[in-house]
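Notes for the one structure printed next.
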Amino acid sequence: MTLDLASVLVFTALVVNVSGVLFILETLLRRDEGAGRIWSVAFLAGMLTTLAYTVWTQTDGAWWAIAVGNAAFVAGTGCMWLGCRRFNGRRMRWASILVAAAVLGAGVAVAVEGPAGGDWAGALWMFVPLLVFAGAGSVECLRGEMRESRTAWVLGAVLGFQSLYYVSRTTAFVTSGPDSALFEAAFGTISTSFLTVTLTIVAVVVTSVLRASRAPMRGYLRHPVAGDVEQGIVGDQSFALVLDGLCRRAAQSGEAVAVTAVRLDDLDQISTAFGSDVAGSVAATWRTGVRRYAPTNAVVAEDGPTGLILGLAVASAQEARRQAAAIYRGLFDELGKVGGGVIPVVGVGVALSDTVGHDPAELVRAAREAASRAAANVETSVLVDEG
């Protein structure tokens, strides 16, 4: 059976559009504000790509459809990379500017050649950004928080395969030309369309799983400012100001300052295994428990999506350790009362000015690292940084 170009593009458009619509609807239902929203833009760009290329095959002289399709194709892959960066909590400004510039370049390259450019007008301006953004997205899936999820590894493999494919396609385009038998057989529009369908199906499943594990947690861990103040939990900026003043006064008077980080792990796994209600109860119990069992004069603040941090002056290292152990024991008892008998992994890390110094940033860093080590060590739940 021989498939013509128009039929293949219609089939591709059908699969990509259905997948994109489902992902976008799920994003709206979840009220996702993170990586899922950027991935939705990627699928929306993919839908526009297939529609533009379908118009190109059905309408004579529609060279502008190539410009729209090429630019949308670059936007789709670029937004997949941006979504991965957002998932990992990395900076977005320069990456967003780079993607926007590549999208503009892909569209303008076709417009400059105009009707005389033919079917492959501005192809290299599309191929190169695609291989770069897909490769960058693949690397992003293997770092930060995404590295901890095997589901993200699948997305990394998809983007890595796309990058390698466009490296080969670009090489064949430059060396053999688009009209060569090699290029038509291995890298032509029809073979690329089948690849696009396969990768789209895998990508929509993987990103849906990643977003499902992340989106509910944001709802559990985000509280109104007024509610946080009532619970005695301040924002990170307020905590930084208070800790800076505390460290300066303690350094002048020769007193010790302790910073305690409390880290809650595996909320995502609890949500997947036991449901969102149980995960929400665990998160709420953890927040209220830390404030309840912390010393009365301690300043408690947010420290990322799954962390709380405390700062206070202490008389000795033994007192700081004793207070941290009291927080851990209290949390263990409170979390044991949550329905379902689910006990999450809790790590408590303590940093002392006697060891680290009175630098607030160093105290916070040391406490975070100690909490991470404590959460990863089955034998130690409270760890004091020893420098």
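- Transitive grouping of hydrophobic side chains (ILVMFWY, heavy atoms separated by less than 4.5 Å) brings Leu246 and Leu363 into a common cluster.
- Rounding to the nearest 0.5 Å gives a distance of 8.0 Å between CZ of Arg321 and CG of Leu383.
- Proximity of Glu362 to Arg365: side-chain heavy atoms (C-beta onward) are separated by under 4.5 Å at one or more points.
- Put simply, Val110 and Val108 are part of two different groups of oily side chains (I, L, V, M, F, W, Y) that touch within less than 4.5 Å, one to the next.
- Both Phe161 and Trp81 are part of a single hydrophobic cluster, where members link through side-chain heavy atoms under 4.5 Å apart.
- Counting heavy atoms of neighbouring residues, nucleotides and ligands inside a 6.0 Å radius, atom CZ of Arg169 exceeds 12 of them.
- Thr49 places none of its side-chain heavy atoms less than 4.5 Å from the side chain of Thr196.
- Using a 4.5 Å cut-off on side-chain heavy atoms (C-beta onward), Val290 and Ile233 make no contact.
- Under a 4.0 Å N-O distance rule, the pair Glu319/Arg322 does not qualify as a salt bridge.
- Looking at His358, its side chain never comes within 3.5 Å of a backbone N or O of Arg249 through a donor-acceptor pair.
- Contact detail for Pro129 and Ala102: the closest heavy-atom pair is CB-CB, 4.0 Å.
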* To do: Give the intermediate values and the outcome of side chain to side chain contact (heavy atoms under 4.5 Å, CB included) for residues Gln323 and Val314.
  => CA-CA 10 Å; Gln323 292 173 347; Val314 293; 3.8 Å; yes
* How far apart are the C-alpha atoms of Asp303 and Phe239, what are their side-chain angles, what is the distance that settles it, and do they pass the side chain to side chain contact (heavy atoms under 4.5 Å, CB included) test? -> CA-CA 10 Å; Asp303 188 35; Phe239 178 78; over 6 Å; no
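- Using the six-membered ring where Trp is involved, Phe187 and Phe183 have ring planes that are tilted, between 30° and 60° apart.
- Listed by chain and number, the residues in a side-chain hydrogen bond (donor to acceptor under 3.5 Å, both in side chains) with Gln162 are Thr77 (sequence neighbours excluded).
- Connection of Leu98 to Val132 is established within a shared hydrophobic cluster, with ILVMFWY side chains joined at heavy-atom distances below 4.5 Å, either directly or through further cluster members.
- Under the 4.5 Å side-chain heavy-atom criterion for grouping Ile, Leu, Val, Met, Phe, Trp and Tyr, Leu48 is not connected to Trp125 through any hydrophobic cluster.
- A 4.5 Å side-chain heavy-atom check between Leu130 and Thr170 finds every atom pair outside the cut-off.
- Note that CG of Leu335 and CG of Leu264 are 7.0 Å apart. Values are rounded to the nearest 0.5 Å.
- For the residue pair Gly349 and Ala370, the shortest heavy atom distance occurs at CA-CB, 3.7 Å.
- The side-chain heavy atoms of Ile309 and Val364, taken from C-beta on, include a pair separated by under 4.5 Å.
- Contact check on Arg248 versus Asp244 returns a salt bridge, with a Lys/Arg side-chain nitrogen under 4.0 Å from an Asp/Glu carboxylate oxygen.
- Each of Val202, Thr207, Val205 was scored for a side-chain contact (heavy atoms from CB on, under 4.5 Å) with Leu155, with one residue passing: Thr207.
- Not a single donor-acceptor pair under 3.5 Å links the side chain of Asn297 to the backbone N or O of Leu312.
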* To do: Show the numbers, then the answer: is there a side chain to side chain contact (heavy atoms under 4.5 Å, CB included) between Val384 and Thr355?
  => CA-CA 10 Å; Val384 178; Thr355 303; over 6 Å; no
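- For the atom pair CG (Leu82) and CZ (Arg37), the distance works out to 14.5 Å, reported to the nearest 0.5 Å.
- The CG atom of Asp119 lies 10.5 Å from the OG1 atom of Thr57; values are rounded to the nearest 0.5 Å.
- Side-chain N or O atoms of Asn88 include one that pairs as donor or acceptor with a backbone N or O of Met146 at under 3.5 Å.
- Between Val55 and Leu51 there is no side-chain heavy-atom pair separated by less than 4.5 Å.
- Taking 4.5 Å as the limit, every side-chain heavy atom of Val346 sits out of range of all side-chain heavy atoms of Phe332.
- The backbone N or O of Gly347 sits nowhere less than 3.5 Å from a side-chain atom of Arg263 that would complete a donor-acceptor pair.
- Here the closest heavy-atom approach between residue Gly137 and residue Leu159 is recorded as C-CD1, 3.6 Å.
- Between Ala325 and Val382, the shortest heavy-atom contact is CA-CG2, 4.1 Å.
- Annotation for Trp63: atom CH2 counts as buried by contact number, over 12 foreign heavy atoms lying within 6.0 Å.
- Side-chain atoms of Ser168 and Leu164, non-hydrogen and from C-beta on, never get closer than 4.5 Å to each other.
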* Given Val174 and Leu124, is the side chain to side chain contact (heavy atoms under 4.5 Å, CB included) satisfied, shown in steps? -> CA-CA 9 Å; Val174 173; Leu124 290 178; 4.0 Å; yes
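- In this structure a side-chain-to-backbone donor-acceptor pair under 3.5 Å is present from Ser191 to Gly188.
- In summary, Glu140 and Arg86 do not engage in a salt bridge, as defined by a charged side-chain N under 4.0 Å from a carboxylate O.
- A distance of 9.5 Å separates CG of Leu331 from OG1 of Thr285, quoted to the nearest 0.5 Å.
- Atom-to-atom distance recorded for Met80:CE and Cys84:SG is 6.0 Å, nearest 0.5 angstrom.
- Closest heavy-atom contact between Ala261 and Ala371: O-CB, 3.6 Å.
- In this pair, Phe173 and Phe127 present their aromatic rings perpendicular. The plane angle is above 60°, beyond the 30 to 60° band.
- In terms of heavy-atom proximity, Ala109 sits nearest to Gly122 at CB-CA, 4.0 Å.
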